[in-house]
Structures are given as C-alpha cells and as structure tokens.
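Numbered from 1 within each chain, the chains take letters A, B, ... in sequence-line order.
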Amino acid sequence: MDEKYFPEKIEEKWQRAWAESGAFEVEPDSDEGARPKFYCLEMLPYPSGFLHMGHVRNYAIGDALSWFKRLQGFNVLHPMGWDSFGQPAEQAAIKRGVMPREWTEANIEKMRGQFRRLGVSFDWRREIAAHTPEYYKWDQWFFLKMLERGLIYRKNSPVNWCPLEETVLSNEQSSGGVCWRCGASVEKRDLEQWFVRTTDYAQALLDDMKEIEQGWPERVLTMQRNWIARSEGAFVDFQIKESDERVRVFTTRLDTIYGATFVCVSTEHPVLEHALLKEEVRRFAERVRASRAAAVGAPGEVELKEGVNTGLFAVNPFSGEQVPVWAANYVLMEYGTGAVMAVPAHDERDFEFAQRYSLPIRRVIERVSHEQEQIAHDPVSRDQSAVMPHAFTDYGILVNSDDWSGRLSEDAKREMAESAKSKGFGESAITYRLRDWGISRQRFWGAPIPIVYCDGCGAVPVPEDQLPVLLPERAEFTGAGRSPLAGVAEFVNTTCPKCGKAARRETDTMDTFVDSSWYFFRYCDPKNVDAPFDKEAARYWTPVDQYIGGVEHAVMHLLYTRFWTKMMRDIGLVGFKEPVKRLMTQGMVVAETFYRDGEDAGSKVYYNPADVDVVRDERGRVSSATLVADGLPVTVGAFEKMSKSTNNGVDPDEMIQAYGADAVRIFSLFAAPVENDLRWQEAGIDGALRFLRRVYSTVHRWHAALSDAARDAPALEELADEVRGLRRMTHRTIRRVTDDLEEMHYNTAIAALMELMNALGDAGLAPEKASASERFVVREALESVVLMLAPFAPHAAEEMWEGLGHAGGILGSGARFPRADEELAKRELLEVPVQVNGKLRSRLSALPEATEDELRASALADEKVRGFIEGHEIVKVIVVPRRLVNIVVR
RNA sequence: GCGGGAGUGGCGCAAACGGUGGACGCGCCGUUCUUAAAAAACGGCUGUUGUGGGUUCGAAUCCCACCUCCCGCACCA
C-alpha cells in the first residue's frame with residue numbers, strides 16, 4: 001500500500017478488481033438453505049443524465065446495507081435499472097429534435113459511469129430498462145392479463161388533466177389539485193381512458209398493512225390509509241316526487257336523517273337529465289364544469305359553495321317528508337353516489353350552504369355529555385337558522401326523530417340501516433376515497449397499450465403472441481396535446497386481430513408507474529423471454545428485504561406496487577401479498593441558498609454556494625456572505641432541497657474528484673440519521689476525508705509491524721491497563737456497530753469507529769516499540785475497523801485490508817464481518833454516580849458485578865457524600881446496580 | 001380544519017428500561033511544527049434539554065396544557 005491515501009487511485013483499482021472478479025454477481029444458492037438470501041433494493045432512478053446528491057445518498061445507504069449483509073454471509077441481491085420511460089425524453093425531442101431513445105440511452109450511459117465511479121456494488125448483469133421492448137412487452141402482457149380478469153376497463157369520464165404537460169394524471173398524481181411532477185394546477189377533462197380497478201383491492205390494501213406494520217414507517221402507512229380512506233355508512237334511496245326515479249345518497253350519519261332539509265346532487269348527476277328541468281339548472285351545471293376545467297383558484301382552496309334549486313322534490317323515506325333537490329358544486333360525482341342528504345344542523349358544509357340559500361336548519365342531535373359543546377338553539381322553533389352559530393357534528397342523542405328520538409347516535413346508525421334494509425330503501429355500505437387508476441397517457445415515450453380499434457369488433461386486445469406492440473423509432477413531436485403516436489401512420493394502421501379488416505391501434509401509452517410497479521421482480525430473472533419472470537427465481541429472492549427511497553412515493557409508487565403484487569398473487573405468479581418487508585424513507589439533501597433580489601419585484605437571483613464566500617462570527621455562526629466574482633454581499637437564505645431553481649445543487653462527480661467516492665459516501669451517511677434531511681456542507685466532507693486519511697495512515701504506519709503479529713490472543717492479565725482497555729473497546733465497538741448497522745443507524749456507527757480510532761491514538765503505542773501482545777491488540781483493533789468501514793468506504797477498506805496482509809482484499813479473501821466477544825466487551829470498572837436528593841454529589845469506582853449492598857455501603861462511606869448527609873435523616877437509598885446510587889435525606 | 005412527526009451547545013447530532021446531559025463530527029479560539037501558509041498533532045470553547053405544570057427518590061425521556069416548526073390530507077358526505 002502507498003504511504004499516502006490516494007482515493008482516485010485505489011478507487012479505480014478496486015472498481016476494476018470487482019468488475020473483473022464479478023464480485024457482486026449473484027445467483028440463487030442451489031442447495032436450499034446454504035446461505036440466507038437478502039434482497040436490498042433502492043428505488044430505480046429516472047435517467048435524466050445526471051446523478052444528484054439525493055441519488056448518492058440513496059445508493060450509499062443501500063450499498064452500506066448490502067456490504068454489511070454480504071460480510072455477514074448473506075447471499076445479497078443488489079440490482080440496478082432505469083425508469084427510462086417518461087416525459088423529459090419527449091421534452092428533449094420537442095426542444096432539440098433528438099429522438100427519445102437516443103437521448104435516454106445516452107443518459108443511461110452517462111449515469112452508469114457515475115455509478116461506477118461511486119463504486120456501488122450492483123450486479124450489473126441484471127440491469128433492466130423500462131423503455132426496452134424486452135421489458136415493456138411484459139407491461140403489455142400484464143395489461144392483457146388484467147383485462148381478461150376484468151381488472152381493466154375503458155370509460156369516458158372527467159379526468160385530471162395537466163395543462164402544462166398536456167396529459168392525463170391519476171388521482172394520486174394530482175393530489176392536492178396540482179401535478180405531482182410540475183406543480184401546475186390540474187384541470188378536468190372528459191376523455192376516453194383505460195382504468196385499472198385498484199378499488200377492487202381497497203380492502204386488501206388496508207388489511208394487509210398489518211403484515212408490514214413492523215417494517216414500514218408509520219407515516220407512510222398513515223398516508224396510504226388516509227388515501228384509501230375507508231368510510232362506513234349507509235345508502236338511502238330518496239324517491240323523486242311524481243316520478244319513478246330514486247336518488248341514492250351515501251351518508252355516514254344516518255342518525256341525522258330527520259334533520260335532512262334538502263337533498264344535494266352533483267352537477268353531473270343523472271337525475272339532472274330529467275326533462276322538466278329549468279334552463280337555469282343546465283346553465284349552472286355548465287358553469288361548474290367550466291370553472292373546474294379552468295382550475296382557477298389556489299390549489300386546496302375551498303371554493304365558495306354554490307347551488308341551484310332543481311325544482312324537484314325528494315321524499316325522505318324515514319319521515320315521509322318532501323324536501324327540495326338542489327344541485328351544488330360541493331358534491332362530488334366521483335365519491336359515494338354523487339348525491340347527499342343535507343343535514344345543515346350537523347354538517348358544516350351543509351350548514352354553510354343552507355345559510356347561503358336560506359334553507360331551513362333542523363336540529364336532531366342533542367349532546368349527551370357536558371364535555372360536549374352546547375350550541376345555541378331555539379327550543380321552540382323548528383328552524384334553527386336564525387340562532388345556531390355553526391353545526392354540531394359530534395355524536396349524541398337523537399331528538400325530533402319520531403320513534404328514534406332518545407336513541408344514541410351509534411345505536412341509531414346501526415338500527416336505522418337495518419330498518420332501511422328490511423323496508424327496501426337502503427342498506428349499510430362501505431365506500432373508499434381511493435379511485436381506480438387511470439393509466440392512459442397522451443404520450444409517445446411509454447409502453448403502448450395493446451389494443452386495436454376495429455369498426456366491426458370494437459376494442460380488441462392484441463393477442464399475447466403478437467406482443468410486444470413496438471414503439472416506432474420516431475414521431476412528430478410538436479408538443480400539442482395529443483399522443484404523438486396518432487401521427488405515425490405505420491403504427492396506427494393495422495388489421496383487426498379478430499376479423500382481419502383494417503383497424504387502428506390505441507395511440508395512448510401507459511403511465512410510467514406501471515413500469516415501476518413490478519420491476520424488482522424482473523431483476524430476479526431479467527432475460528426471461530417467456531414470462532415476466534420465472535416463478536422459482538422470484539420465490540428465491542422476493543419479497544424485498546429492505547427497500548430504500550424517498551417519501552414522495554408514499555402514495556403513488558408504493559401503493560401501486562402493493563396493488564400489483566396482490567394482482568400477481570391472484571394470477572399465480574407470486575405466493576405472498578406484500579412485496580416489501582422493510583421500507584426506509586430517507587430525508588432530502590438540502591444545501592444553503594444565497595441570493596440577491598432580482599430586477600422584478602419579488603424575484604430572486606440565486607448563486608451557487610461554490611461561488612460564494614461565507615463570513616463567520618466569533619461563535620462560528622454564518623454572519624454574512626459575499627459573491628466571489630464581485631466581492632459584494634449576497635443574502636444568506638435558508639437550507640433548501642438542492643435544485644436548479646435555487647441554484648444550490650452540488651455535482652457528485654466534482655465531489656468525487658475532489659474528495660474521493662469513499663469520503664463523499666462517509667459524509668452522506670455520517671452527517672445525519674438517514675431519515676432526516678441531510679445538510680450538505682463541504683467542510684463536512686473535509687472531516688470525512690480527514691477521518692479516512694487518519695485510518696489509512698495508521699494502518700500504513702503499523703502494517704509492517706503487524707505482519708508477523710501473533711494470531712493467538714494473549715492472556716488479558718499480561719496486558720497493561722490501557723492496552724487491555726483498547727481490546728475491550730474494540731469488542732464493544734464491534735457490538736455497537738453491528739447493532740447500529742442492523743437498524744441502519746449509520747451516523748452513530750461511523751461515530752463509534754471514530755471513537756475507536758481516537759482510543760487507539762490515545763493508547764500511545766508505537767510500532768517500533770510494541771510488544772508481541774500489543775501488536776496483537778493493535779491488529780485486532782485495526783482489522784476490525786477496516787472491516788467495519790467496508791460498508792461505508794469499500795474501496796479504502798479493500799486497500800487497507802490488503803495492506804494488512806490479506807491478498808485479494810476483503811471480498812477476494814472471503815473476510816467476514818467481525819464478531820464481538822461478549823466477555824471482552826465488558827468494562828472492568830464502572831463509574832457509578834452518587835446522588836443526594838437527586839443531585840450529583842460524587843462518583844464511585846465499582847466493579848460491574850458489585851451488588852446493591854456493596855454499592856450502598858461504599859456510597860454511604862464516600863467522603864464527599866458524607867458531607868451532604870451528615871446531620872440528616874436518611875429516608876431511603878435507591879441503588880440501581882451498574883448505574884447509580886441515590887440517597888434521599890431529610 | 002383533520003392526521004402524523006419534531007423541538008438538546010454557534011451548527012449537524014449522541015444519550016438501552018426514566019438513572020452521570022453532550023459521544024462523534026463541523027465551526028470557533030489557542031499552542032506546537034513552519035520564513036509564512038496549508039496540512040498535521042495537541043489543548044480549549046458552548047447548556048434553565050421550546051414554555052408552564054404534573055407523576056417520581058430521580059424526567060431530554062412518561063402525562064397534561066401551551067408555543068414554534070416540518071410533513072401529509074383537505075368540500076370524501
């Protein structure tokens with residue numbers, strides 16, 4: 001080994017060695033149970049052409065775990081691929097005329113190089129890319145399978161439309177009324193679309209969460225639970241007066257039905273097609289549609305509740321009362337039945353609407369407990385609209401409800417549903433907020449939907465043996481809101497698979513979340529031409545043991561992939577319900593921002609941290625900053641996610657060049673717990689590099705002296721106190737680091753290694769003077785550090801391991817993660833604090849096995865303690881062996 | 001508004017079960033080495049653990065209230 005640490009040189013050396021030996025290429029063990037398997041997966045990247053620091057962090061986390069498991073003797077699958085369909089490729093085509101495939105594949109090439117320079121331990125033979133026909137053929141195959149099973153259907157319905165990207169979005173992708181990718185306000189459009197019946201699995205998606213509760217972050221499960229939003233209630237039919245029609249409503253508060261003073265339907269509700277309706281109603285429905293299409297108003301902002309009286313009357317089946325039917329903008333056609341019974345006294349929205357249109361408010365629930373709010377009301381009047389300040393939405397006791405009066409809400413809900421069922425005008429029901437997954441996209445760069453439209457036969461699926469439906473190489477990219485495939489005649493024009501007559505292909509492509517819903521199964525068997533993957537291969541590797549990625553996919557990718565797995569189980573491809581046992585969502589990489597106010601009011605011009613000098617005050621706090629170019633001040637902004645718009649991004653390649661991949665990785669794992677945001681600071685990488693250099697130069701200083709050190713452990717008594725202490729610390733560190741790695745607490749694991757190195761330095765040993773037994777202890781410490789460093793800084797660890805006399809390095813020599821000797825990990829003497837009335841007064845030196853009595857006696861005998869207890873009555877003495885003594889006096 | 005999470009030195013963060021508050025790193029100050037600087041080595045620096053109350057011999061940790069911040073959802077009937 002070289003005297004000095006040259007990261008570039010050793011990183012290249014070991015990257016080549018790994019590639020040549022196929023160090024990370026794995027196959028299932030043939031003899032069952034030879035080694036346990038471990039599937040470590042990071043979310044696959046979109047090939048933008050550049051790795052960013054968020055990627056570096058993501059893959060550093062996964063790589064650390066992969067190395068750890070590998071060194072523990074697991075058969076580790078750690079694959080990589082590309083989420084290579086999607087909109088940016090098309091943008092490049094529109095802007096620069098480069099074809100999506102060329103652009104994408106050039107980007108993949110660039111990023112593969114970046115991954116190699118980072119030294120991530122992937123099995124590259126298993127690489128997959130979504131845009132290749134070998135891959136998307138199976139997207140199409142799954143489409144056909146789901147179609148056969150009735151899990152896919154086509155319908156014309158209002159869908160979420162992103163005006164900027166000119167394509168449809170799923171509900172998940174337009175959460176909060178904005179596009180998940182570009183943030184534009186989403187509009188509504190009527191389009192013919194293909195949908196996946198994810199709602200068929202709504203209950204399974206909820207129920208099966210209990211299988212993964214242990215391994216998934218609570219907040220991800222909460223987000224999914226809220227997204228699916230199961231709601232228990234009842235359907236009730238309201239007969240329309242002087243008509244055969246009924247309007248079915250969904251309610252979770254059947255107990256309030258006697259307070260229903262009107263019925264509200266969505267503006268898209270079929271009852272509005274009623275011939276006798278006034279022109280006014282139609283105009284209102286038209287206006288609501290237009291305003292939804294325009295997506296005006298800030299996202300999330302609640303629209304003013306508006307409505308119009310339809311002139312129809314509906315009969316409350318419980319009371320027999322006739323109430324007016326209104327059409328209102330706040331009733332959603334997509335949820336429940338598209339109609340509600342409005343109970344203004346006990347629902348805030350209905351209350352607001354009733355007040356606006358002077359509709360009566362009738363109180364039917366009274367509080368049951370004095371802890372509940374007493375809302376002002378008029379005890380004699382039937383209508384409370386003059387006195388009630390707001391709705392009472394709690395459960396309570398029924399009043400003004402015929403025979404039901406006096407019942408409790410909970411009981412009434414249940415019994416009224418039963419009654420409705422027996423009388424044939426309703427039943428209890430469960431609804432979900434989750435909607436079916438719209439997968440049609442008006443895009444070129446995606447998997448073609450394998451459907452042919454025939455004038456005679458309608459929508460005909462492409463037969464399985466004709467897959468894949470190939471994407472053409474080129475198309476006209478105008479950016480206009482229509483699938484570019486529609487303009488490619490040789491693609492569109494085909495013959496009907498059923499009747500053979502001329503027909504047209506579907507020109508929409510699939511949502512790219514289809515690709516990512518099952519990609520990690522394909523890694524198990526990436527070259528299969530007969531099936532998406534071999535069942536046996538998948539049975540060996542899956543489910544994924546640890547999945548790592550950003551939390552932004554909590555209700556998109558992670559919900560779809562859970563759905564997909566359940567679907568694959570139902571078609572017999574896999575044998576389990578949940579694809580991922582443990583999930584870790586890492587924090588963002590953030591960096592300081594620097595800016596000046598721009599020309600336009602409110603605009604800002606951002607400067608890259610690399611171009612800014614920072615001035616600190618005497619406490620070390622950043623006080624001001626200047627731009628290097630002109631020496632004038634810039635404003636110091638907050639830490640924000642690295643991005644183009646805030647110009648605070650850092651190029652991983654530059655960092656690797658300056659500090660080495662190992663230092664970059666150490667820093668990104670050490671600076672914060674993996675689930676926290678990571679503040680990128682170059683001074684921090686300096687620290688990481690310093691640490692690596694310190695380990696390296698220590699190994700170098702000792703490696704010659706250690707080459708002939710004894711392999712047999714010397715008797716502990718032979719060792720001087722400090723040396724014995726070092727040996728014990730080595731084993732304590734092994735234990736700590738092992739535990740921390742298991743929990744992915746990389747920051748504290750690295751801190752423990754630093755501590756051990758500090759202790760080694762403090763022991764004051766020198767290679768020239770060290771005795772044989774001392775050399776043993778030093779070698780044990782250094783070898784342990786080097787092996788434990790491998791998950792974080794694999795190149796440096798390999799180099800040092802070889803330097804310590806192990807030809808072939810860590811993987812080449814078959815080294816294993818060190819094991820702690822529990823006996824040796826014990827401390828010889830403990831410092832036990834002594835408190836008097838809870839205040840620290842002295843410290844005892846005690847043996848770990850000292851008994852309660854012994855500790856009590858020596859505490860009471862302690863010189864310093866006696867000063868505090870003399871002249872006082874001792875009330876009691878609390879002794880916690882190994883931890884503390886507390887003397888309570890009066 | 002609803003749901004979830006978090007507040008510890010100048011900063012990032014450590015502190016099994018309630019049991020010595022500050023490991024590790026950054027930063028800052030100083031010393032040694034050096035013509036000087038960098039590098040390196042060594043030494044030093046910072047606390048009513050967001051606020052108020054409670055439980056306890058003992059609270060960063062448990063309970064209650066409040067404040068602040070972050071994230072998710074938001075007319076879902």
Peer 1: Is any side-chain N or O of Arg882(A) closer than 4.0 Å to OP1 or OP2 of rG19(B)?
Peer 2: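 No.
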Peer 1: Taking the P atom of each, how far is rU61(B) from rC70(B), in whole Å?
Peer 2: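 It comes out at 24 Å once rounded to the nearest Å.
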Peer 1: For nucleotides rU48(B) and rG10(B), find the distance between their P atoms and express it as a whole number of Å.
Peer 2: 8 Å
Peer 1: Ignoring the backbone of Ala751(A), work out which of rA74(B), rC17(B), rC24(B) is nearest its side chain.
Peer 2: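 So the side chain of Ala751(A) is nearest to rC24(B).
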Peer 1: Using a 4.0 Å heavy-atom cut-off across all strands, classify Val340(A) as base, sugar-phosphate, or nothing.
Peer 2: base
Peer 1: Paired with rG72(B): which nucleotide, if any, by Watson-Crick or G-U wobble criteria at under 3.5 Å for both distances?
Peer 2: rC2(B)
Peer 1: With rounding to the closest Å, how many angstrom separate the C1' atoms on rC73(B) and rC17(B)?
Peer 2: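 After rounding to an integer number of Å, I get 36 Å for this pair.
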Peer 1: Classify the nucleic acid contact of Glu334(A) as base, sugar-phosphate or nothing, counting any heavy atom under 4.0 Å across all strands shown.
Peer 2: nothing
Peer 1: With a 3.5 Å distance limit and no angle check, can you tell me whether Asn329(A) reaches the backbone of Leu304(A) through a side-chain donor-acceptor pair?
Peer 2: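 The answer is yes, because a donor-acceptor pair under 3.5 Å joins these two groups.
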Peer 1: Just the rounded figure in Å: distance from C1' of rC26(B) to CG of Leu669(A).
Peer 2: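 The distance from CG of Leu669(A) to C1' of rC26(B) comes to 17 Å, rounded to the nearest Å.
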Peer 1: Would you say Lys876(A) reaches rC57(B)'s phosphate, i.e. side-chain N/O to OP1/OP2 under 4.0 Å?
Peer 2: yes
Peer 1: Would you mind classifying the nucleic acid contact of Arg225(A) as base, sugar-phosphate or nothing, using non-hydrogen atoms under 4.0 angstrom?
Peer 2: nothing
Peer 1: Please determine whether a side-chain nitrogen of the Lys or Arg among Glu232(A) and Arg414(A) lies less than 4.0 Å from a carboxylate oxygen of the Asp or Glu.
Peer 2: no
Peer 1: Tell me whether the side-chain N/O atoms of Asn886(A) come closer than 4.0 Å to OP1 or OP2 in rU56(B).
Peer 2: no
Peer 1: Measure from the side chain of Thr222(A), starting at C-beta and using heavy atoms only, and say which of rA77(B), rG3(B), rC24(B) lies closest.
Peer 2: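 Minimum distance to the Thr222(A) side chain belongs to rG3(B).
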Peer 1: Measure from NZ on Lys413(A) to C1' on rA77(B) and round the result to the nearest Å.
Peer 2: 12 Å
Peer 1: Choosing from rA23(B), rG3(B), rA14(B), which nucleotide comes nearest the side chain of Pro673(A)?
Peer 2: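 Nucleotide nearest to Pro673(A)'s side chain: rA14(B).
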Peer 1: Kindly confirm or rule out a cation-pi arrangement of Lys305(A) over Phe353(A), judged by NZ or CZ under 6.0 Å from the six-membered ring centre and within 45° of its axis?
Peer 2: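 Verdict for Phe353(A): no cation-pi partner in Lys305(A).
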Peer 1: Taking O4'-C1'-N9-C4 for purines and O4'-C1'-N1-C2 for pyrimidines, is rC17(B) syn (within 90° of 0) or anti?
Peer 2: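 Syn conformation here, the glycosidic angle of rC17(B) being no more than 90° from 0.
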Peer 1: Quick check for you: among rG19(B), rC24(B), rC73(B), whose closest atom lies nearest to any side-chain atom of Trp227(A)?
Peer 2: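 Shortest atom-to-atom distance from the side chain points to rC73(B).
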Peer 1: Please determine if a side-chain N or O atom of Thr431(A) lies less than 4.0 Å away from the OP1 or OP2 oxygen of rA77(B).
Peer 2: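 No, no such contact exists.
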Peer 1: In whole angstrom, what separates Asn758(A)'s CG from rC24(B)'s C1'?
Peer 2: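 After rounding, the gap between these two atoms is 8 Å.
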Peer 1: Report yes or no: does His269(A) contribute a side-chain atom to a donor-acceptor pair with the main-chain N or O of Ala327(A) at less than 3.5 Å?
Peer 2: no
Peer 1: Look at Arg679(A) together with Glu592(A) and state whether they make a salt bridge at an N to O cut-off of under 4.0 Å.
Peer 2: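 So Arg679(A) does not pair with Glu592(A) through a salt bridge.
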Peer 1: In terms of side-chain heavy atoms of Arg219(A), which of rC75(B), rG27(B), rC71(B) is nearest?
Peer 2: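 The answer is rC71(B), which lies nearest to the side chain.
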Peer 1: Write down the partner of rA40(B) under the Watson-Crick or G-U wobble criteria, each distance required to be under 3.5 Å.
Peer 2: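 rA40(B) is paired, partner rU32(B).
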Peer 1: Using the P atom as the point on both nucleotides, what is the distance between rC71(B) and rC24(B), in whole Å?
Peer 2: 33 Å
Peer 1: Please state whether the phosphate of rA74(B), meaning OP1 or OP2, lies under 4.0 angstrom from any side-chain nitrogen or oxygen of Ser175(A).
Peer 2: yes
Peer 1: Surrounding CZ of Arg827(A) (heavy atoms of other residues, nucleotides or ligands, distance under 6.0 Å), is the total greater than 12?
Peer 2: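 Atom CZ in Arg827(A) is not packed in, count stays at 12 or less.
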Peer 1: Nearest to the side chain of Val888(A) - rC57(B), rA74(B), rC13(B)?
Peer 2: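 Output: rC57(B).
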Peer 1: What is the distance, to the nearest angstrom, from the CZ atom on Arg694(A) to the C1' atom on rG25(B)?
Peer 2: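 Taking CZ of Arg694(A) and C1' of rG25(B), I get 10 Å after rounding.
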Peer 1: Can you identify which nucleotide, out of rA74(B), rG19(B), rG72(B), has its nearest atom closest to the Gln835(A) side chain?
Peer 2: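 For the Gln835(A) side chain, the nearest candidate turns out to be rG19(B).
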Peer 1: Of all the choices, rA39(B), rA23(B), rA16(B), which nucleotide is nearest to the side chain of Arg883(A) once you look at every atom?
Peer 2: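 Nearest nucleotide to the side chain: rA16(B).
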Peer 1: I'd like the C1' distance from rG53(B) over to rG72(B), given in whole Å.
Peer 2: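 My reading of the C1' atoms in rG72(B) and rG53(B) gives 32 Å.
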Peer 1: Would you indicate which nucleotide in rA77(B), rC17(B), rG72(B) comes nearest to any side-chain atom of Phe250(A)?
Peer 2: rA77(B)
Peer 1: Atom CG of Asp677(A) to atom P of rC11(B): distance rounded to whole Å?
Peer 2: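 About 17 Å, once rounded to whole Å.
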Peer 1: Is any side-chain N or O of Arg433(A) closer than 4.0 Å to OP1 or OP2 of rA74(B)?
Peer 2: yes
Peer 1: Within less than 4.0 Å of OP1 or OP2 of rG12(B), is there a side-chain N or O belonging to Asn747(A)?
Peer 2: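 Result: no.
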Peer 1: Using a heavy-atom cut-off of under 4.0 Å over every strand shown, decide if Gly687(A) touches base, sugar-phosphate, or nothing.
Peer 2: sugar-phosphate
Peer 1: Distance between the P atoms of rU31(B) and rA36(B), in whole angstroms?
Peer 2: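 Approximately 13 Å lies between the P atom of rU31(B) and that of rA36(B).
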Peer 1: For Ile878(A) and rA59(B), give me the distance from atom CD1 to atom P, rounded to whole Å.
Peer 2: 12 Å
Peer 1: In terms of the nearest nucleotide of RNA chain B, which residue is placed more toward the 5' end: Ala672(A) or Met341(A)?
Peer 2: Ala672(A)
Peer 1: Identify whether any heavy atom of Ala229(A) sits under 4.0 Å from a base atom; if not, whether one sits that close to sugar-phosphate; answer base, sugar-phosphate or nothing.
Peer 2: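 Nothing, no nucleic acid heavy atom in range.
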Peer 1: Using both distances under 3.5 Å as the test, list the Watson-Crick or G-U wobble partner of rC26(B), or none.
Peer 2: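 Base partner found: rG10(B).
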Peer 1: With no hydrogens and no angle check, is any side-chain donor or acceptor of Gln224(A) less than 3.5 Å from a backbone partner on Ala554(A)?
Peer 2: yes
Peer 1: For rA65(B), give its Watson-Crick or G-U wobble partner with both distances under 3.5 Å, or none.
Peer 2: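 Checking every strand shown, rA65(B) finds its partner in rU51(B), with both distances under 3.5 Å.
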Peer 1: Looking only at side-chain N and O atoms, does Ser231(A) come under 4.0 Å of OP1 or OP2 in rA77(B)?
Peer 2: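 Checking Ser231(A) against rA77(B): at least one side-chain N or O falls below 4.0 Å of OP1 or OP2.
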Peer 1: Looking across every strand, which nucleic acid part, if any, lies under 4.0 Å from Val331(A) by heavy atom: base, sugar-phosphate, or nothing?
Peer 2: base
Peer 1: Verify the contact: side-chain N or O of Arg690(A) to OP1 or OP2 of rA41(B), cut-off strictly under 4.0 Å; return yes or no.
Peer 2: no
Peer 1: Keeping Asp237(A) on the side-chain end and Val247(A) on the backbone end, is there a donor-acceptor pair under 3.5 Å?
Peer 2: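 It does not hold such a pair.
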Peer 1: Does rG43(B) sit syn or anti, given that only angles within 90° of 0 count as syn?
Peer 2: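 In terms of base orientation relative to the sugar, rG43(B) is anti.
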Peer 1: Rounded off to whole Å, could you give me the CE-to-C1' distance for the Met223(A) and rA74(B) pair?
Peer 2: 14 Å
Peer 1: Nearest whole Å is fine: how far is rC73(B) C1' from Glu172(A) CD?
Peer 2: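 Checked: the CD to C1' distance equals 13 Å.
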Peer 1: Check whether Tyr696(A) reaches the backbone of Asp2(A) with its side chain - one donor and one acceptor, N or O, closer than 3.5 Å.
Peer 2: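 Yes: the side chain of Tyr696(A) pairs with the backbone of Asp2(A).
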Peer 1: Counting only side-chain nitrogens and oxygens, does Asn676(A) get under 4.0 Å of the OP1 or OP2 atom of rC13(B)?
Peer 2: yes
Peer 1: Can you tell me the pairing partner of rG18(B) across any strand shown, Watson-Crick or G-U wobble, with both distances under 3.5 angstrom?
Peer 2: none
